[in-house]
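To keep things clear, I will list the structure first and then write my remarks on it.
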Amino acid sequence: MGINIWTGISGTGKTQRMFDEINAITSEAPLGSSIYIVTPTQNTLRYENIITNPTGENPSVGSLRTAVFSFSRLMWHIFNETGHSTRDALSESGHIMLLHKMMNEMKSEFEFYRDSAQYIKFSGKVLDMLSEFRAYRVSPDDFGRIETPSGRVRDKMHDLEIIYRNWEKRITELQIEDINLADQFINLLYSDTPIRSLEDAVIYIDGFHNFTESEFALIQTLETRVREINLLLTHQGTNKQLFRKTDSVIERLRYHMGDHRLSFEHFGEDFRRSSRNGLIQVERYFDRNESIYDYDGVVFTEAPNVLEEVNDVAREIESLVFDGKAHYTDVGVLYRDANYEPVLQSVFRRYGISYHIDQKVPMHSHPFIQFIMSLLECYMRNYEFGAFMNVLKTGYLCEASKRHYIDQLENFVLERGLSGASLFDDEQFRYHTEVTDEGIRRVDKSDAYAGMIDFKNEVLEKLEKVFREFRKEGTVRDYINTIYDFIVDEGIIDVLAEEMQALDERNEIQVRDETEQAYNMFIRLLDDAYTVFDDEQVPFTLFYETFIDGLKNAEFSLLPSTIDQVMVGSLDLSKVENKKYIFIIGLNRDVMPRESRNTEIISDEEKT
């Protein structure tokens with residue numbers, strides 16, 4: 001029992017020591033008690049690769065005792081052993097659907113957010129705020145103890161309190177899983193329930209600089225169940241300013257647990273990650289506001305524009321790989337300005353550089369999601385030209401041999417300004433107006449346009465079949481069944497399966513994963529919609545608004561593959577470590593340091 005705190009600046013060997021200890025333990029007893037590495041989500045894949053693949057950091061291969069988890073995945077790992085409640089788990093988009101519906105019903109009670117409640121992005125911000133409340137163990141009753149002056153802040157707190165109370169009430173009524181399971185997990189650990197996975201277990205916590213209230217409580221509770229916890233912190237006792245977050249972690253643990261349950265080991269000041277003097281000086285002088293004088297390992301280049309800058313990076317990467325100095329996986333590219341993303345993608349494709357961009361990609365741009373959104377929009381806008389053509393252009397409602405009719409139909413409809421009910425009138429499509437010496441005359445082109453007219457009527461018949469069901473204004477279950485039956489009856493699921501198989505054969509793994517995730521998210525949102533509305537009879541308009549909002553908020557979850565790829569990511573968010581070569585692009589006074597802008601619904605000043 002107890003927590004061992006390993007401290008030291010970055011690159012002094014804390015993580016290497018962790019893997020060395022794990023190798024020693026598993027070599028001595030391959031089938032012993034569990035060993036857990038708890039690290040931020042974006043770091044789990046890298047640690048798993050280190051354990052399962054022989055590298056300089058870890059020459060051994062594999063471990064039956066070791067598992068890598070984030071805090072949330074560790075909780076689910078234990079729940080899988082002990083059992084858990086049977087409540088429905090909503091996706092993030094599902095929770096946003098629930099909040100959007102709930103806040104629109106109660107917006108008359110709001111004092112500050114009355115106008116904001118109708119916007120989907122506001123629902124996302126509220127969900128982030130609720131997640132923060134849960135993470136820091138703030139309850140609705142705590143708002144009553146807040147002393148706020150009259151005006152803006154008081155109105156905000158009033159609205160957030162009633163949103164929080166109603167959300168808690170709603171998820172209880174609908175039997176929906178909480179967005180933070182820490183309190184349930186802590187109660188389980190304090191109970192008498194035997195947990196075989198934690199008996200005599202060793203836990204390493206690495207990659208964190210600070211913890212939320214629930215994570216602090218979780219660490220304290222885990223300490224009572226396992227043999228040993230090793231906490232790795234980037235910290236130097238003499239520099240309280242630079243390492244203020246990790247220093248706060250140590251002081252917090254001392255306050256709650258006492259020094260008798262903590263032990264400390266400092267890893268010195270030797271920078272082991274590189275022997276290049278320039279990089280050593282960057283590490284040593286960064287917090288001193290001093291200039292380096294040795295540029296060994298540090299290269300500055302200038303470029304007249306973004307395109308030339310990225311081209312220079314691509315040429316340098318190709319040179320390193322061609323000369324055998326590095327593999328793609330040894331290279332990382334960091335940026336802060338999001339405008340670099342499309343340029344990086346274009347240039348790297350042109351150079352044939354395999355890469356992975358660590359970013360969240362909105363799902364609504366995928367053709368299948370576009371098809372679902374256009375289908376619903378076409379009904380809501382009563383066959384308006386743009387919505388109707390969007391349904392056709394996704395290609396899911398026609399055979400490949402008939403897709404040439406889509407362009408012909410679009411040109412025809414644009415020329416004649418047809419939309420809505422006029423699309424059903426074949427007379428509008430059969431005749432062509434010509435100007436001759438004798439005047440204007442209508443020419444019957446039925447034979448020439450017969451294929452296009454048949455194609456149009458075939459698609460309209462398919463759409464009208466599903467739209468008739470929407471007009472009946474039933475329950476959400478009825479709407480969901482109608483949509484799902486439609487994509488099954490029209491063979492759209494088979495089309496998706498063929499697409500994914502073709503992408504597999506072409507080795508386009510990422511695009512294939514995107515298609516699979518798009519379909520799975522669509523099914524998940526159908527389930528979430530039923531969970532949110534139950535068998536309530538609602539107008540189709542309300543279902544449409546919440547379901548579309550869920551689709552717009554959905555994002556792809558794309559993990560980097562294990563093949564040889566350059567890792568590209570944001571300077572603020574990506575976890576890019578232990579690379580031989582790092583390119584930091586777009587480095588100028590407007591980007592580094594960047595002006596901090598708070599976009600949360602409660603500012604830091606208001607929180608204090």
Side-chain angles (χ1 to χ4, degrees), residues 72 75-76 79 83-111 113-114 116-120 122-144 157-188 214 473-481 483-484 521 523-551 553-554 601:
S72 61
M75 288 188 283
W76 279 114
F79 281 140
H84 186 50
S85 65
T86 56
R87 291 189 171 197
D88 294 317
L90 286 185
S91 65
E92 181 179 341
S93 296
H95 274 290
I96 289 176
M97 289 168 59
L98 174 62
L99 284 169
H100 185 67
K101 173 179 179 288
M102 186 187 78
M103 289 191 296
N104 272 283
E105 293 171 354
M106 56 185 291
K107 63 182 179 181
S108 60
E109 303 175 39
F110 294 158
E111 296 181 0
Y113 294 120
R114 186 170 301 174
S116 303
Q118 60 184 311
Y119 299 110
I120 183 61
F122 178 71
S123 301
K125 294 288 186 184
V126 171
L127 179 60
D128 292 340
M129 197 76 259
L130 293 177
S131 299
E132 190 171 342
F133 289 158
R134 284 304 208 214
Y136 286 90
R137 312 183 90 180
V138 176
S139 71
D141 294 335
D142 292 330
F143 285 87
M157 295 302 172
H158 168 269
D159 292 354
L160 287 172
E161 180 182 356
I162 61 174
I163 290 172
Y164 197 1
R165 287 190 185 279
N166 277 274
W167 174 79
E168 279 195 337
K169 179 182 177 183
R170 193 68 61 92
I171 64 172
T172 301
E173 292 172 347
L174 297 177
Q175 290 293 299
I176 294 173
E177 193 65 79
D178 202 328
I179 52 179
N180 191 320
L181 299 175
D183 285 342
Q184 298 178 39
F185 186 67
I186 289 169
N187 292 335
L188 171 66
S214 59
E473 295 286 326
T475 64
V476 170
R477 181 197 286 267
D478 296 329
Y479 301 143
I480 291 171
N481 287 338
I483 295 171
Y484 184 74
M521 177 55 72
I523 297 298
R524 179 74 184 272
L525 284 175
L526 291 179
D527 292 338
D528 289 349
Y530 178 69
T531 301
V532 169
F533 290 96
D534 202 17
D535 282 319
E536 180 182 352
Q537 186 157 355
V538 298
F540 184 82
T541 304
L542 178 59
F543 168 75
Y544 165 79
E545 289 176 353
T546 53
F547 193 72
I548 286 291
D549 288 343
L551 290 173
N553 185 70
I601 57 178

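In what follows, residues are counted from 1 in the order of the sequence shown.
- Side-chain atoms of N166 never come within 3.5 Å of backbone atoms of I163 as a donor-acceptor pair (strictly under, hydrogens ignored).
- Residues R524 and S91 come closest through the heavy atom pair NH2-N, 3.0 Å.
- Taking CE of M75 as the start and CG of L181 as the end, the distance is 5.5 Å to the nearest 0.5 Å.
- Shown here are the salt bridge (charged side-chain N to carboxylate O under 4.0 Å, His left out) partners of E105, two or more places apart in sequence or in another chain: K101, R170.
- In this model, a donor atom of one side chain and an acceptor atom of the other lie less than 3.5 Å apart for T475 and D478.
- The side chain to side chain contact (heavy atoms under 4.5 Å, CB included) test applied to T531 returns D88, L90, I176, not counting sequence neighbours.
- Of the possible donor and acceptor atoms, one in the side chain of D159 sits under 3.5 Å from a partner among the backbone N and O of E111.
- Put simply, CE on M97 and CG on L127 are 13.0 Å apart, with the number rounded to the nearest 0.5 Å.
- N104 contributes a side-chain N or O that, together with a main-chain N or O of H100, makes up a donor-acceptor pair within less than 3.5 Å.
- When the salt bridge (charged side-chain N to carboxylate O under 4.0 Å, His left out) test is applied to D128, no partner is found at least two apart in sequence or on another chain.
- Applying the side chain to side chain contact (heavy atoms under 4.5 Å, CB included) test to T172 and every residue at least two apart in sequence or in another chain returns R87.
- Ion pairing of R137 with D183 is present here, as a side-chain N (NZ or NE/NH1/NH2) and a carboxylate O approach within less than 4.0 Å.
- The shortest distance between side-chain heavy atoms of F143 and Y164 falls below 4.5 Å.
- With sequence neighbours excluded, no residue satisfies side chain to side chain contact (heavy atoms under 4.5 Å, CB included) with S108.
- Using a 4.5 Å cut-off on side-chain heavy atoms (C-beta onward), D528 and S93 make no contact.
- A search for salt bridge (charged side-chain N to carboxylate O under 4.0 Å, His left out) contacts involving R477 returns D535, not counting sequence neighbours.
- The nearest pair of heavy atoms linking I480 to A529 is CD1-CB, 4.1 Å.
- Side-chain atoms of W167 and H95, non-hydrogen and from C-beta on, do get closer than 4.5 Å to each other.
- Using a 4.5 Å heavy-atom threshold, the side chains of T546 and F533 count as touching.
- Taking all atoms of both residues into account, the shortest heavy-atom contact from P539 to Y479 is C-OH, 3.8 Å.
- Here the side chains of N180 and F133 are not in contact, with every heavy-atom distance at 4.5 Å or above.
- In this structure the side chain of M102 reaches within 4.5 angstrom of the side chain of L99, judged on heavy atoms.
- Here the shortest heavy-atom pairing between Q537 and G474 reads CG-O, 3.5 Å.
- Here CE of M106 is found 4.0 Å from CD1 of I162. Values are rounded to the nearest 0.5 Å.
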Item to check | Test side chain to side chain contact (heavy atoms under 4.5 Å, CB included) applied to S123 and D549, step by step | outcome: CA-CA 10 Å; S123 301; D549 288 343; over 6 Å; no

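- Within the 4.5 Å cutoff, the side chain of R165 has heavy atoms near those of the D141 side chain.
- A distance-only check finds no donor-acceptor pair linking the side chain of Y113 to the backbone of K107 [under 3.5 Å].
- When all heavy atoms of Q184 and E177 are compared, the pair lying nearest together is NE2-OE2, 3.4 Å.
- Without hydrogens or angle criteria, R134 side chain to L130 main chain gives no donor-acceptor distance under 3.5 Å.
- Checked against the 6.0 Å centroid criterion, the rings of F540 and F543 qualify as a close aromatic pair.
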Item to check | M103 vs F110, side chain to side chain contact (heavy atoms under 4.5 Å, CB included): CA-CA, chis, key distance, verdict | outcome: CA-CA 9 Å; M103 289 191 296; F110 294 158; 4.1 Å; yes

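- Counting only heavy atoms from C-beta outward, the side chains of L526 and Y530 never approach each other to under 4.5 Å.
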